[in-house]
Chemist: 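What follows is a structure written as structure tokens; I'll ask about it next.
Side chains included, hydrogens not; waters and symmetry mates left out as well; all remaining heavy atoms used.
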Amino acid sequence: MTAGPELTIDQLAGDAAVERLYRQVFAVLARESGAMISDLELLDVDEAILDAFADAGRDGLTVDQAAAACRPIDPGLIHRRFEVLREYGAISKVVERPNERFHRAAFAPYVMLLFLRRLAEQGGQAELHQLLTLEHVSVTARDAEPATGQTTISRLTRIFRHLGNELAILAAGSTAEQLGDHAQLLWGNKGLISQAEEVHTVVLTRWPQLDRECTALRVALAAYGDAVEKAAGRLIERAGTTRALGLLSVETWLSYARTADEDDLAGVLDTFVFDAPAPWFSPNLLTEAVETGRGANTVRQPPPRPEGPGQPPPDDIRPADDAASLRETAERLLGDAATVAVADVLDGAGDWLAGRRVLADLTAIHHHPDLAYELTWAGGLRVDPAGSPSWVSEGTFRRAAS
């Protein structure tokens with residue numbers, strides 16, 4: 001083997017800075033030196049220690065002061081985690097001297113804690129969207145080079161391969177409940193794929209020589225999309241047969257509620273029985289209503305009596321018999337004929353206002369029990385834009401057969 005090129009002092013310093021930052025970041029994951037954390041409680045302990053340093057200000061803290069600030073956590077646990085954080089460089093002495101007791105905390109470990117909290121709650125969706133946005137900015141920069149595009153495409157290809165593999169394994173070998181709990185990246189995938197496709201388009205248009213790398217990214221995106229479809233199909237099928245509404249995310253149910261028709265919405269809860277809703281009254285209002293109702297007067301009032309047994313009703317409320325006037329109107333309209341068309345009658349009225357009164361009279365004559373006349377209607381329609389009215393249904397008014 002041949003030895004590689006010797007590194008310069010500047011290169012060695014840069015590598016040391018990167019190593020130091022990595023050690024600080026991953027200090028919050030270390031249960032002991034060289035081990036990974038396996039208890040969520042230890043994350044809370046590390047966060048409490050770093051919070052104590054944030055509140056302490058620029059003077060820093062001693063180990064005992066940190067333990068006192070983190071009450072009621074076990075002081076022995078605080079001392080052990082303090083030593084692990086100091087070993088990784090997340091906590092260091094304020095002044096590098098043998099007898100220095102005060103320490104200060106680095107910024108990177110706390111950022112890592114925040115990242116882990118959000119990653120556990122949201123499944124990495126926000127981080128992936130931010131990463132894709134930064135990659136898009138990077139490849140569209142004016143001074144970007146082909147190496148930048150190649151690095152971006154390779155990084156995105158690996159990311160989506162990891163996502164696709166994880167979802168494919170979950171969809172093939174996990175229960176629906178496990179899939180619903182662990183497939184956070186299942187939801188909102190169209191946005192991720194769209195952002196990745198935008199980066200792919202920019203890189204391929206700007207550097208056509210990267211076609212091979214872009215092809216690998218397209219394959220990774222297609223595999224990720226297929227894995228998402230299979231996993232989502234399993235969840236939807238399982239949720240539809242068991243009515244387990246918790247297997248789908250809130251966003252999915254909101255989208256379904258906005259886009260589904262009435263029959264689909266009614267079928268979601270057709271097998272559920274709900275308790276009657278509670279009345280919208282507070283106990284105070286109910287008590288007040290009961291107390292008020294106790295004093296109500298329950299004496300029945302007699303109905304009003306008529307003024308006299310033989311008094312006739314007033315003239316203005318006596319039923320009117322207009323049979324004579326209606327018969328006169330019918331004979332005037334018919335004349336010597338036995339049948340007349342309604343359209344001719346309305347035309348002879350002159351205008352629509354008079355025609356409405358004539359039509360009302362014809363209807364009253366037809367319904368009067370003592371008059372032998374009939375008003376019948378057919379299915380045709382006469383249309384005359386210049387007439388008044390401009391359209392009239394085909395109808396006839398005639399004497400009824402005796």
Chemist: How many angstroms lie between OG1 in Thr205 and NE2 in His200, if you round to the nearest 0.5 Å?
Modeler: 8.5 Å
Chemist: How many angstroms lie between atom CG of Leu77 and atom NE2 of His79, to the nearest 0.5 angstrom?
Modeler: 11.0 Å
Chemist: Side chain to side chain donor-acceptor pair (under 3.5 Å) with Glu135: which of Thr152, Thr148, Thr140, Thr151?
Modeler: Thr152
Chemist: Please tell me if the side chains of Leu375 and Val342 come closer than 4.5 Å, counting only heavy atoms from C-beta onward.
Modeler: yes
Chemist: Examine distances only and state if a side-chain atom of Arg399 and a backbone atom of Ala337 form a donor-acceptor pair shorter than 3.5 Å.
Modeler: yes
Chemist: Identify the heavy atoms of Leu192 and Leu132 that sit nearest to each other, and give their distance.
Modeler: O-CD1, 3.6 Å
Chemist: Testing the basics here: between Leu371 and Ala323, what is the closest heavy-atom pair and its distance to 0.1 Å?
Modeler: CD2-O, 3.9 Å
Chemist: For residues Gln195 and His136, determine if any side-chain heavy atom of one lies less than 4.5 Å from a side-chain heavy atom of the other.
Modeler: no
Chemist: With side chains defined as the heavy atoms from C-beta onward, is the minimum distance between His103 and Phe53 less than 4.5 Å?
Modeler: yes
Chemist: If you count heavy atoms of other groups shown closer than 6.0 angstrom to CD of Glu374, is the number above 12?
Modeler: yes
Chemist: Taking all heavy atoms of Ser393 and all of Trp377, pick out the closest pair and write down the distance.
Modeler: O-CZ3, 3.8 Å
Chemist: Between the side chains of Ser154 and Glu213, does any donor sit under 3.5 Å from an acceptor?
Modeler: no
Chemist: Is there side-chain contact between Leu204 and Leu210, with at least one heavy-atom pair below 4.5 Å?
Modeler: no
Chemist: Flag the pair Ile91 / Ile49 as yes when at least one side-chain heavy-atom distance between them is below 4.5 Å, and no otherwise.
Modeler: yes
Chemist: Crowded around Gln209 CD? As in, over 12 foreign heavy atoms under 6.0 Å?
Modeler: yes
Chemist: If you round to the nearest 0.5 Å, how far is CD1 of Ile153 from CZ of Arg218?
Modeler: 9.5 Å
Chemist: Test your reading of the model: is there a side-chain donor-acceptor pair from Arg206 to the backbone of Val139, 3.5 Å cut-off?
Modeler: yes
Chemist: How far apart are the closest heavy atoms of Gly60 and Gln65, and which atoms are they?
Modeler: O-OE1, 4.1 Å
Chemist: Answer whether the closest heavy-atom distance between the side chains of Val84 and Arg80 falls below 4.5 Å.
Modeler: no
Chemist: Measure the spacing between CZ of Arg81 and SG of Cys70 and express it to the nearest 0.5 Å.
Modeler: 12.0 Å
Chemist: Treating His367 as the side-chain partner and Ile365 as the backbone partner, does any N or O pair qualify as donor plus acceptor under 3.5 Å?
Modeler: no
Chemist: Is there a donor-acceptor pair under 3.5 Å between the side chain of His366 and the backbone N or O of Leu362?
Modeler: no
Chemist: For the residue pair Gly164 and Ala227, what are the closest heavy atoms and their distance?
Modeler: O-CB, 3.7 Å
Chemist: Would you indicate whether Arg101, at its atom CZ, is surrounded by more than 12 heavy atoms from other residues, nucleotides or ligands within a distance under 6.0 Å?
Modeler: no
Chemist: Nearest heavy-atom pair of Leu217 and Ala196: which atoms, and what distance?
Modeler: CD2-O, 4.3 Å
Chemist: Arg332 versus Thr329: any side-chain heavy-atom pair under 4.5 Å?
Modeler: yes
Chemist: Could you walk me through whether Cys214 and Val203 pass side-chain contact (heavy atoms from CB on, under 4.5 Å), step by step?
Modeler: CA-CA 8 Å; Cys214 291; Val203 173; 4.1 Å; yes
Chemist: For side-chain contact (heavy atoms from CB on, under 4.5 Å), just list the numbers for Leu333 and Val358, CA-CA rounded to whole Å, side-chain angles, deciding distance to a tenth of an Å, and then say yes or no.
Modeler: CA-CA 9 Å; Leu333 294 175; Val358 173; 4.3 Å; yes
Chemist: Nearest 0.5 Å, please: how far is CG in Asp344 from OG1 in Thr396?
Modeler: 11.0 Å
Chemist: Specify whether Tyr373 and Phe397 have parallel, tilted or perpendicular ring planes, treating 30° as the upper limit for parallel and 60° as the lower limit for perpendicular.
Modeler: parallel
Chemist: Say you draw a straight line from CD of Glu198 to OG1 of Thr133; how long is it, rounded to the nearest 0.5 Å?
Modeler: 9.0 Å
Chemist: In terms of side-chain heavy atoms, does Arg212 have a donor or acceptor partner in Thr215 at a distance below 3.5 Å?
Modeler: no
Chemist: Can you confirm whether Leu131 sits close enough to Ile159 that some side-chain heavy atom of one is under 4.5 Å from a side-chain heavy atom of the other?
Modeler: yes
